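So the structure is just underneath, and the comments pick up after that.
Chain naming here is simple, since letters A, B, ... match the order of the sequence lines and numbering starts at 1 in each. Given the structure is predicted, the values throughout are model-derived calculations rather than measurements.
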4 protein chains.
Amino acid sequence: MGWSSPDRIVVRGHDLPGELLGKIDLGSMAFLEITGRRPTPQEAEVFNALLVTLVEHGMTPQAIATRLINLAAPEALQGAVAAGLLGVGSVFAGGSEQIAKLLQESLKDQPEDANLKAMATRIVEDYAARKAVIPGIGHPLHKPIDPRTPVLFAIAERNGFRGRYVALLEAISAEAERRLARSLPINATGAIGAVLCELQFPWRICRGVAVISRAVGLVGHIAEEMRNPLAREIWERTEGEVFETKD
Amino acid sequence: MGWSSPDRIVVRGHDLPGELLGKIDLGSMAFLEITGRRPTPQEAEVFNALLVTLVEHGMTPQAIATRLINLAAPEALQGAVAAGLLGVGSVFAGGSEQIAKLLQESLKDQPEDANLKAMATRIVEDYAARKAVIPGIGHPLHKPIDPRTPVLFAIAERNGFRGRYVALLEAISAEAERRLARSLPINATGAIGAVLCELQFPWRICRGVAVISRAVGLVGHIAEEMRNPLAREIWERTEGEVFETKD
Amino acid sequence: MGWSSPDRIVVRGHDLPGELLGKIDLGSMAFLEITGRRPTPQEAEVFNALLVTLVEHGMTPQAIATRLINLAAPEALQGAVAAGLLGVGSVFAGGSEQIAKLLQESLKDQPEDANLKAMATRIVEDYAARKAVIPGIGHPLHKPIDPRTPVLFAIAERNGFRGRYVALLEAISAEAERRLARSLPINATGAIGAVLCELQFPWRICRGVAVISRAVGLVGHIAEEMRNPLAREIWERTEGEVFETKD
Amino acid sequence: MGWSSPDRIVVRGHDLPGELLGKIDLGSMAFLEITGRRPTPQEAEVFNALLVTLVEHGMTPQAIATRLINLAAPEALQGAVAAGLLGVGSVFAGGSEQIAKLLQESLKDQPEDANLKAMATRIVEDYAARKAVIPGIGHPLHKPIDPRTPVLFAIAERNGFRGRYVALLEAISAEAERRLARSLPINATGAIGAVLCELQFPWRICRGVAVISRAVGLVGHIAEEMRNPLAREIWERTEGEVFETKD
């Protein structure tokens, strides 16, 4: 990953003080760390947009956990962030991994002119037969579209990263809406998963992208908690309500 | 810590299948792991009582964090327990470390007949001068006594572990009550810290005793969450209330 | 889970000071927390034996992680334990969950006189066809038997908990050894999974049993690290070797 | 922190799709999350440089812990990252917090023309009297200067953020070198702490900046581990060496 001598520090082949500091932003540095090479300006713009999308989603279970652990152990900020990050799992925030896996496995070894519509039909049928939820589409609040999705796709397109993965996910969304007769737009998680595929990220590392973004957001929650503490009230209300429920 | 050969497994000098399995309970095994030797029956009874005291304290910040992370990443139970354990810090549950440190440093190299009352007076004066909170005494709910304390001290006494550390903490509590003119009984955390001193545990490991107990309690909360899920409601109520607060 | 008033503390229906402290060991308390009821003396003996088995496995990846994080953040012992616990996953220590799931799903709704041998044959065939590894059998070191397994089964038997789950796992082991013509004894993880089924633990909570045991063992590693520090040397050797590898 | 309606998502007062995506990099987003406002272009350049500096330090204890936990629980990437982050403590990576605290407390309520040299002398004397290590200066390898420090200070200077905090730390380094007659250059951690003070970050949140950077680096280690696995060898060598040591 890197090496040092008394007067040099090299990270993934780049001189840290001379080539990276002041010349690369954190999102591009994340691209370098994950892929082993610096992003092009186009890749940097797209990847930063994906990372920024996932930073802050309000008072999520992860954010509440981080605030409560910060209340209990304020001397160990790293523990409070870690506690929240442990919730970047299958139910929340892990979805981009699932959609990237589906898209990558579906398009693997397929010819350039593969029929995406037919492929989408088979995928939707398969999920319907298993009564499984298709990842990456549908949102409880953002209907009929998730406002982040067209923006992310536009950023990808103007940088040359709107390709077959995005097209297949669009076909899946359209077919699912047709078949199930309800609004199932591509959500932000799905859009991120598809664009990570366009950037050639293996699906297994996609959850790591969410982890990086959420680390930023959870440090933000602790900073906010320092200015305007909510954790004690959250705890006391919850404790009170649970007892009420039991009475 | 241990070693294995094809037909033997030895843990801290004891043959695991032949000498430990079926012959030692988990609390005694914890004593062996921490101190390097098996407890006497007296030590085992006292140490198990301390461990049991700390297992379950209801809907604490740690328990809420564990339940929320289990909601977000139910496939990784270990992460949900770890999230809650990260809250075994200075504010909640870390107090036995602080009182054990105070007692051990105060009694270090003191003669057998040291005047504990005078020592307690100096300690209370010192804390009062620094406007610091004396660890191990006082409780918001359990007044005028914490019902766990006399039971723990009685268990310690009947097993020969009620000595100078307990006596010094009792003197501190009495002096603090006299000086501050309010109820400041030895709380369970204080009692545990003092009895761990009697068992010759170094204060630096005392937080580990709390970590073991809470691991048991937090697995219990996940088991309860599997039977009777509360986490989603806790999350949604908190999210709703926070927004209400802001409106 | 529990409730308190000024003079009472009740945990899962039991008065903590009056009914539990000094009257229940930590392993039995874990049984109470997970199942909601106190174990019988027979259940307590069996469950403690299972818990003790998993406490200490020497210098595992989890133990190394705990020691390294303790080196980096010695002021937050809870974080070092949590770091190691995060490794109680699918590869190490998570196996009792998998075998319990297999046994519970196989025996669900089966008649008393179900043919376990035929069932084992189908299971082994299914795994062989999928080229999947059967959980709970085989060990790289302990051959031809894992010395913990017969002891755990004997403890289960003398307490009335050696039943169909154990028998099915024995049949699976025998059939796998016959078919694959090599030593595939029931390992400790498999034995624990099977006996947890006999104790009526749902498979989803089995990983929690491993988490409790490992919390004990990892606190033991920190205590040992305090007496005899190894973490810095582990780190420096690893750093050196990795660079050597690259040169 | 943010709110949503069916067609809008607002993060800290900014419309996420319209004002942030494609218009802000991840480092600037971190600035927004922590401070509550978007950075100026100057602040963004400086803050990104600080974040990039901390991302990757080779095979640290944190990186080893992350790789080992990923080996043990590869299905829960978030747990492996969290395990490593728990090592962002007082010994490694927590130093920028300590130096920021020292600088902020020293310069609090001081007049514009405070004598920094005299202040540095008092600080060095105080640490020497307590035989305490001054944070932020000295490095085991990078002598006589840490090559990151002049680059970070140059980036700060060209953006208008080289002020009194940097000057005080320079005075402390010079005075310590004079008094102790050995090379004690400002190290990268010290430089980061001082420049975070120039950016008006409260010292309590400085560890969070390190946590964000390390989250990026640790995801990088997992990505590298996926391409070129080292964890099993690290574990096996360590296990072997520990036993050798004991024989």
Side-chain angles (χ1 to χ4, degrees), chain B residues 1-4 6-9 11-12 16-17 20-22 24-27 29-30 33-35 45 48-49 51-53 55-59 76-79 81-82 85-86 88-89 141-143 147-148 151-152 155 202 204-205 207-208 211-212 215-217 219-224 226, chain C residues 1-4 6-9 11-12 16-17 20-22 24-27 29-30 33-35 45 48-49 51-53 55-59 76-79 81-82 85-86 88-89 141-143 147-148 151-152 155 202 204-205 207-208 211-212 215-217 219-224 226:
Chain B
M1 305 289 292
W3 57 267
S4 302
D7 63 346
R8 290 202 64 195
I9 296 165
V11 173
R12 294 198 168 260
L16 177 68
L20 297 177
L21 298 188
I24 192 170
D25 63 85
L26 182 65
M29 185 71 187
E33 279 284 303
I34 293 173
T35 68
E45 181 178 334
N48 268 294
L51 286 163
V52 166
T53 309
V55 164
E56 179 60 65
H57 288 191
M59 203 54 93
L77 185 149
Q78 72 274 17
V81 179
L85 287 181
L86 290 169
V88 181
L141 177 64
H142 299 305
K143 295 174 189 171
R148 295 162 293 193
V151 176
L152 289 173
I155 293 168
R204 286 182 199 280
I205 204 65
R207 193 178 292 194
V211 168
I212 289 170
V216 173
V219 172
H221 275 271
I222 294 175
E224 181 61 26
M226 287 177 179
Chain C
M1 305 289 291
W3 58 266
S4 303
D7 63 346
R8 290 201 65 194
I9 296 165
V11 172
R12 293 198 169 261
L16 177 67
L20 298 177
L21 297 188
I24 192 170
D25 62 86
L26 182 66
M29 185 71 186
E33 279 284 303
I34 294 173
T35 68
E45 182 179 332
N48 268 293
L51 286 163
V52 166
T53 309
V55 164
E56 179 59 67
H57 288 190
M59 204 54 94
L77 186 149
Q78 72 275 16
V81 179
L85 287 181
L86 290 169
V88 181
L141 177 64
H142 299 305
K143 296 175 189 172
R148 296 162 292 193
V151 176
L152 289 173
I155 294 168
R204 286 182 198 280
I205 203 66
R207 192 178 292 195
V211 168
I212 289 171
V216 172
V219 172
H221 276 271
I222 294 176
E224 181 61 26
M226 287 177 180

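For chain C, the nearby parts of B:Asp25 are the backbone and the side chain; heavy atoms of each come within less than 4.5 Å. When heavy atoms are compared at a cutoff of 4.5 Å, C:Val52 approaches chain B by way of both its backbone and its side chain. Only the side chain of B:Val151 comes within contact range of chain C, with at least one heavy atom under 4.5 Å from a heavy atom of that chain. B:Val88 touches chain C through backbone and side chain together, each having a heavy atom under 4.5 Å away.
B:Val55 has its side chain within reach of C:Leu26: a pair of non-hydrogen atoms, C-beta onward, lies under 4.5 Å apart. Residues B:Met29 and C:Leu51 form no side-chain contact, since every pair of their non-hydrogen atoms from C-beta on lies 4.5 Å or further apart.
Summarising the geometry of C:Pro6 relative to B:Pro147, their closest heavy-atom pair is O-CD, 4.1 Å, with the distance given to 0.1 Å. Residues B:Val216 and C:Ala30 share a closest heavy-atom pair of CG1-CA, 3.5 Å. Closest of all the heavy-atom pairs between C:Arg204 and B:Met226 is O-CE, 3.4 Å. Minimum heavy-atom separation, B:Val211 to C:Val81: CG1-CG1, 3.8 Å. In terms of heavy-atom proximity, C:Gly208 sits nearest to B:Val219 at O-CG2, 3.7 Å.
Rounding to the nearest 0.5 Å places CZ of B:Arg148 at 7.0 Å from CG of C:Leu16. Here the CZ atom belonging to C:Arg207 is positioned 11.0 Å from the CD1 atom belonging to B:Ile222, to the nearest 0.5 angstrom. Note: C:Ile9 CD1 to B:Leu141 CG = 8.0 Å, rounded to the nearest 0.5 Å. Atom CD of residue B:Glu56 and atom CZ of residue C:Arg12 lie 7.0 Å apart, to the nearest 0.5 angstrom. B:Ile212 contributes atom CD1, which lies 11.5 Å from atom CD1 of C:Ile212 (distance to the nearest 0.5 angstrom).
Heavy-atom pairs under 4.5 Å with chain C were tallied for B:Ala223, B:Pro17, B:Ala82, B:Gly217; the largest tally goes to B:Pro17. The residue among C:Leu20, C:Leu152, C:Leu85, C:Leu86 with the most heavy atom pairs within less than 4.5 Å of chain B is C:Leu86. Ranked by heavy-atom pairs under 4.5 Å with chain B, the first of C:Arg8, C:Lys143, C:Glu45, C:His221 is C:His221.
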